[in-house]
Amino acid sequence: MRSGKQTNLRSLVSKFKREASMHGNVTIDPLASAVAVENPAIAEILDLESGELLDAATFISARRYDRLVAERVSIRESFSSKPRFGCGLCATPVYLVASHQKRFFFRHSREDGSCPSITRSELSRDEIRALKYAGQRESLAHQRIKDRIVRSLQSDRANSEILIERQWRSARDGESRRQPDVQAVTPFGRIAFEAQLSTTFLDVVTGRRSFYRDEGALLVWVMAEFEPTYRRMTTDDLLFSNNSNILVVDEETARLSEQSGVFQVRAHYRIPEIVAGELRDRWASEIVAFRDLTVDRNTQTAWFFDYNGEATRLLEDQAQLALGRDDDLRKRIIAFWMSRHQQTPEPVSREADWQGLLAELSERGVTPPRSDRYDRAVTGLMNGILSAREMRPIGWDFKSLVQVAHKVADGYPQHVLAMGFAIRAFGCAELIAAQDKSHKWEKRSMLIRAKFLGGDQGYRPDEDTLPFLKFVFPDIGSKVERFLQEKMPQANF
Ligand SMILES: [Zn+2]
């Protein structure tokens, strides 16, 4: 019986090794989009908080690889206490699994045959884990890294109570315990050190994280080595849930710790940078004092370089810069228009200036309005709104603002609504009323309002110039857009 089981396990191990060597390892660019497996067994997942059904592949591919990996760790971690997602068909809690190719899919927490989606292979993960883990713990490599961690800790007088493979009993629940590779009291308090070799399963990782967090302690994962361009899934789980930092203790750092009397580690991390307007990153590493790391018990992280903080700062700067550039372009478009002479023919260079401004708009993803003559498409729009803003006629040879209002209603019915919003926004209704001695505009505007309310398409705002309007006058543009969506949904007239 016993030998039969062992033979069975041995064949499993060799099968696993065969598979692993066949598939090799795929290392993914952290900033690339995550990829879902094709035809996943669980096509839809249920958000257990909102009750919303989500397409599994869309959920996955909408996320960046590094962020999805960090999320997968937290999905797995909240699994036993408060699962976040369930199977779309049977609502059994699900978690994210990565294939050999690092493509993602969701898997049931239990598979009892009651759900038509089958997500488990014949190989039981528990069996494999037990095998690989047991084998690993006794391996020479594991022994070596443990020794180096101990040597490093012992060389630094700031550390005490260094224990090797001794039980850590929960202070809250005596039944609950873990056995970290090494534990010590450090300047950060009591810390459990675990050596991560090539294959620590995700639920082992997350189970320990929860345990030490609940203890108010910290678990620090240490690797024997790290190669950025060759990363296994288990490494990525640690990396991206640790602010993109990996800590290595090797022979060189152990020796340095002994020489300096300060516990040193090698930190590998990503440095974000903006290249041609886009976030990129590069790998770096540095030997640093352990006590200089930033640790956080709540997130169970210990890192040297603040990747998330730095990336966020860069992206915010980038957004600010874009806003500043938009604002500058907006001012130049308005300045161009303010200095334009409607009645006198303008030199060719003016048209070139205008085309240059429109080209800049295109670069920002704003589709400029089309017209046969260079400025015709926005003449009524710009003259009308700027006249309201300046409270005097702009672009046209009129005496009063009320003449501008009539002109827009006569010649540019598609911009009447924008003009109306501008009159209100710039507070010139009273001025127009005062200039409207014959009450012609008063009557006309009531008529126009009635037509709008009746769904008349005659004054339908022009969608061709809407992107331009939204860029140059964002407040007015978004009001026009909302009106089009809510009050005039009958498009294609
Ligand atoms: Zn199911």
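Atoms within a ligand are numbered from 1 in the order they appear, just like the ligands themselves.
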**OP:** Report yes if the distance between the aromatic ring centroids of F421 and F473 is under 6.0 Å, otherwise no.
**Re:** no

Original post:
Crowded around R166 CZ? As in, over 12 foreign heavy atoms under 6.0 Å?
Top reply: no

Subject >> Residues R313, E310: salt bridge by 4.0 Å N-O rule >> reply: yes

Original post:
Quick one: do E77 and R213 make a salt bridge, cutoff under 4.0 Å?
Top reply: yes

Original post:
For the Zn ion (ligand 1), how many protein N, O or S atoms lie at less than 2.8 Å?
Top reply: 4

Subject >> Cation-pi check, R103 onto F105 ring (under 6.0 Å, within 45° of axis) >> reply: no

Original post:
Is the NZ or CZ atom of R330 positioned over F471's six-membered ring, under 6.0 angstrom from the centre and within 45° of the axis?
Top reply: yes

